[in-house]
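The figures here come from the full heavy-atom set of this structure, side chains too, leaving out hydrogens, waters and symmetry mates. Model, not experiment: these values are computed from the prediction. Proteins get letters first, then strands, A, B, ... in listed order; numbering begins at 1 in each.
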Number of protein chains: 2
Amino acid sequence: MSNNGYTGHMEPHEPDLTAVPVTSVLAALADDVRLQIVRALSEGGESPCGSFDFGVSKATRSHHLKVLREAGLTRTRAAGTSRLVRLRRDELDKLYPGLLDAVLAHHRPA
Amino acid sequence: MSNNGYTGHMEPHEPDLTAVPVTSVLAALADDVRLQIVRALSEGGESPCGSFDFGVSKATRSHHLKVLREAGLTRTRAAGTSRLVRLRRDELDKLYPGLLDAVLAHHRPA
DNA sequence: GAGCTTGTTCGACTCTTGTCGAACAACGGT
DNA sequence: ACCGTTGTTCGACAAGAGTCGAACAAGCTC
């Protein structure tokens, strides 16, 4: 955390899902902005980071995408000047069958 | 908050589940202590607050039970000097089918 | 009623989290 | 090479969350 020796290239750090505590997965989903991102992502396919404009700054958006990525919910790959994000749905469904469905099916009474 | 007009009786405040934001439900589950409480509760039946001794003080335990209750996950009723807590499983399963199962089935690799 | 047991509430403290603007980095186009 | 676009990272800040001990309340039992 305090290491400033930035060597110029760092991979997105996408953990093995089985190594992520359940509480981290749930915590990642327990935010309104992130839930909207996941909802958008659940449509399928890849989307650039910039497409998730939910009323927060790009710094905040980047932060939320990092949280999702480090919780094992998304994968990111560079594509030109953009970064394409996608849901790790199959892995999620295998490890937590029904979780995503339950969360996404619930169409926001709040 | 500075009002000292405590009238002497306050109900446990158990909200209608449909009025609770999804993020609050997820946030309630996104804590290790609370998840252990829910796991214990998922065995079925009612348990007194004191039975959830997961290495925290009774003040902290009381706090966590309050979070669960206000997120609509549990119900509490007074029974003598104790308070019996139970999971609102049927309601949960109806509103978020598969959620609890998915979370509870995952037997803690972390 | 005195005392014990069981929980809740009240500060207080610390750590984490969401948020932003600004600076930086990487890439693509002109 | 310069600039614009797209993201990330860096402080900084405010708000929230988890933790505790101590004080309080309510109910039993003797």
What is the distance, rounded to the nearest whole Å, between atom [atom1] of [X] and atom [atom2] of [N]?
X: A:Leu35; N: C:dG18; atom1: CG; atom2: P; answer: 13 Å
X: A:Lys66; N: C:dT16; atom1: NZ; atom2: C1'; answer: 14 Å
X: B:Arg69; N: C:dT9; atom1: CZ; atom2: C1'; answer: 12 Å
X: A:Arg83; N: D:dT8; atom1: CZ; atom2: C1'; answer: 8 Å
X: B:Leu84; N: D:dG27; atom1: CG; atom2: C1'; answer: 14 Å
X: B:Glu70; N: C:dT9; atom1: CD; atom2: C1'; answer: 13 Å
X: A:Asp53; N: D:dT6; atom1: CG; atom2: C1'; answer: 13 Å
X: B:Arg77; N: D:dG27; atom1: CZ; atom2: C1'; answer: 15 Å

For this session: Summarise how protein sits on nucleotides 12-19 of chain D as a single string, 5' to 3': B when a protein heavy atom is under 4.0 Å from the base, S for sugar-phosphate-only contact, - for no contact.
Result: ------SB
Tell me if a side-chain donor or acceptor on [X] pairs with a main-chain N or O of [Y] at a distance below 3.5 Å.
X: B:Arg75; Y: B:Leu84; value: no
X: A:Glu70; Y: A:Pro15; value: no
X: A:Ser62; Y: A:Ala59; value: no
X: A:Arg34; Y: A:Ala27; value: yes

Seminar exercise, completed: On a heavy-atom basis, the closest approach of A:Leu104 and A:Ser42 is CD1-CB, 3.4 Å
Exercise. Out of D:dT8, C:dT9, D:dA23, which has the shortest distance to the side chain of B:Lys58?
Worked result: D:dA23
Seminar exercise, completed: Which of A:Pro48, A:Ser47, A:Cys49 passes side-chain contact (heavy atoms from CB on, under 4.5 Å) with A:Val85? Answer is A:Cys49
For this session: Would you please confirm or rule out a distance under 4.0 Å between OP1 or OP2 of D:dG4 and any side-chain N or O of A:Thr81?
Result: no
Exercise. B:Ser82 near the nucleic acid: base, sugar-phosphate alone, or nothing, with a heavy-atom cut-off under 4.0 Å?
Worked result: sugar-phosphate
Seminar exercise, completed: OG1 (B:Thr74) and CZ (B:Arg88) are apart, to the nearest 0.5 Å, by 8.0 Å
